[in-house]
Enquirer: 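Take a look at the following structure, please.
Both ligands and their constituent atoms are indexed starting at 1 by order of listing. Below, all heavy atoms of this structure are taken into account, side chains as well, without hydrogens, waters or symmetry copies. Computed from a prediction, not measured in an experiment: that's the story for all the values here.
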Amino acid sequence: MTTTTYADIPYEELLEARRASGVPMYNDNKMKLGIFGSNCSHGLMATHAESSYELTWEHTQKIAQLADKLGFEAMLPVARYRGMGGETNFNGTNFETHTWAAGLAQATENIMVFSTIHVPTKHPIVAAKESVTVDHISNGRHGLNMTMGWYKAEMEMFGGTQREHDARYRYGSEWITIAKRMWTEGEGVDFKGEFFEIKDAFSDPKPIQKPYPVLVNAGNSPAGLEFCARECDFNFIAFATPEEAKDTAARVRSIAHGFGRDLGILSYGNIICRDTEKETKALLNHILDKGDWEVAKMVSKGLGTESGSFDKVKALQERFILGYGGYPLIGTPEQIVDQMIELNKAGVNGMMVGFLDYVEELQYFGERVLPLMKEAGLRQ
Ligand SMILES: Cc1cc2nc3c(=O)[nH]c(=O)nc-3n(C[C@H](O)[C@H](O)[C@H](O)COP(=O)(O)O)c2cc1C
């Protein structure tokens with residue numbers, strides 16, 4: 001196995017290449033913004049509450065074009081092949097994310113278009129080639145979010161068994177090493193590892209974005225954090241409180257420092273925002289009253305939390321309904337910005353957000369919240 005790859009590029013050089021490429025995820029905004037989950041039915045909210053959101057291509061483009069116009073940095077999809085069950089079969093109708101990104105690349109001008117990929121479902125040479133193609137269609141605006149696949153029934157659709165947890169990250173490490181070599185090396189690539197044997201492999205053209213598309217991963221376990229700190233540009237974290245976000249951000253960055261590099265921190269959550277606290281509370285209650293508690297219960301059982309205290313389990317189920325366990329931002333426009341400031345201080349560099357009604361509420365966000373974010377110095 002050759003060891004001199006672009007994967008070993010000194011961090012300062014990688015950063016410089018990314019900045020020179022002009023990719024939005026490396027612009028000067030202190031708090032980046034992305035739209036998360038608009039490729040799946042019900043987006044990030046497991047509820048029957050009324051919304052104009054629908055999974056059609058026309059609607060998908062509308063959301064992306066609006067986010068692009070508002071200066072958001074990213075469109076980031078969820079990788080999903082199987083619904084999570086419950087009354088809504090949450091996320092059960094979904095668009096494949098490389099082709100989704102390709103379509104949105106053509107439909108937008110500045111925003112980055114990410115794919116989210118379960119690495120065990122696709123050979124790295126194929127995925128690297130698909131990413132390059134999206135990078136060319138978008139003129140250097142592609143990013144890749146890698147997941148190892150945690151949802152057993154979903155992964156078993158592909159091969160009958162799922163690897164044990166840390167083996168998934170060893171597999172991911174070989175996978176991304178091969179992809180990086182496809183993106184950066186000019187000569188035939190040979191590679192022999194635990195999972196892959198590659199002989200004299202080529203991939204041209206190279207990405208427009210240098211040295212390769214922005215890489216994101218949501219690893220959270222020790223193996224996941226190590227993988228992300230070593231290989232990726234952003235760790236996509238979940239947390240319950242800003243203090244926890246601060247701890248996780250510091251932990252993954254210190255692991256990266258051990259590899260002589262650094263990385264940014266992203267997180268996610270739905271925005272529930274109205275002019276007054278009363279209206280916000282009414283919307284929040286409505287979303288929960290109409291929540292798909294069946295899927296929330298199934299998911300919390302799957303996470304092994306059924307034996308916790310009633311309040312703790314209920315809180316987790318609420319968090320699932322309100323945004324896939326992300327950190328929901330709830331309040332008036334001023335309160336939303338205060339929460340963003342707090343998260344930014346905790347080390348979060350970007351929030352990937354969803355809404356009950358992506359189009360309607362994104363418009364409202366643009367009118368009422370974005371100007372306050374600018375005033376607060378979070379965005380330019
Ligand atoms: C912000 C975020 C986004 C994620 N997106 C996906 C996804 O789209 N598809 C998926 O199968 N898993 C997704 N996951 C699950 C992660 O890939 C991973 O399994 C989880 O964070 C647990 O980390 P670990 O593997 O290090 O234990 C996501 C997790 C987080 C925190």
Enquirer: With no hydrogens and no angle check, is any side-chain donor or acceptor of E174 less than 3.5 Å from a backbone partner on E194?
Expert: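 Indeed, once roles are kept as given, a pair shorter than 3.5 Å links the two residues.
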Enquirer: Starting from I330, walk the hydrophobic network (Ile, Leu, Val, Met, Phe, Trp, Tyr; side-chain heavy atoms closer than 4.5 Å) and list everyone else you reach, by chain and number.
Expert: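 Under the 4.5 Å side-chain rule, I330 groups with M45, I272, L283, L284, I287, L288, W293, I321, L322, L356.
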Enquirer: Return the protein residues near ligand 1 (heavy atom under 4.0 Å from any of its atoms), ordered by chain and residue number.
Expert: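 Around ligand 1, where the cutoff is 4.0 Å for heavy atoms, the contacting residues are F36, V78, A79, R80, T116, H118, T147, W150, H165, Y169, A218, G219, N220, S221, G224, F236, A238, Y268.
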Enquirer: Please identify each residue that fulfils side chain to side chain contact (heavy atoms under 4.5 Å, CB included) with T332, with sequence neighbours left out.
Expert: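 Scan of T332 (side chain to side chain contact (heavy atoms under 4.5 Å, CB included), adjacent residues dropped) gives E277, E334, Q335.
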Enquirer: Which ILVMFWY residues are connected to Y364, directly or by a chain of links, through side-chain heavy atoms under 4.5 Å apart?
Expert: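 Y364 clusters with nothing; isolated.
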Enquirer: Are any of the side-chain nitrogens in E109 or R141 under 4.0 Å away from the carboxylate oxygens of its partner?
Expert: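 Not counted as a salt bridge, because no side-chain N and carboxylate O are separated by less than 4.0 Å.
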Enquirer: Checking E73 side chain against P24 main chain: does a donor-acceptor pair fall under 3.5 Å?
Expert: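 Checking the backbone N and O of P24 against the side chain of E73, no donor-acceptor pair under 3.5 Å is found.
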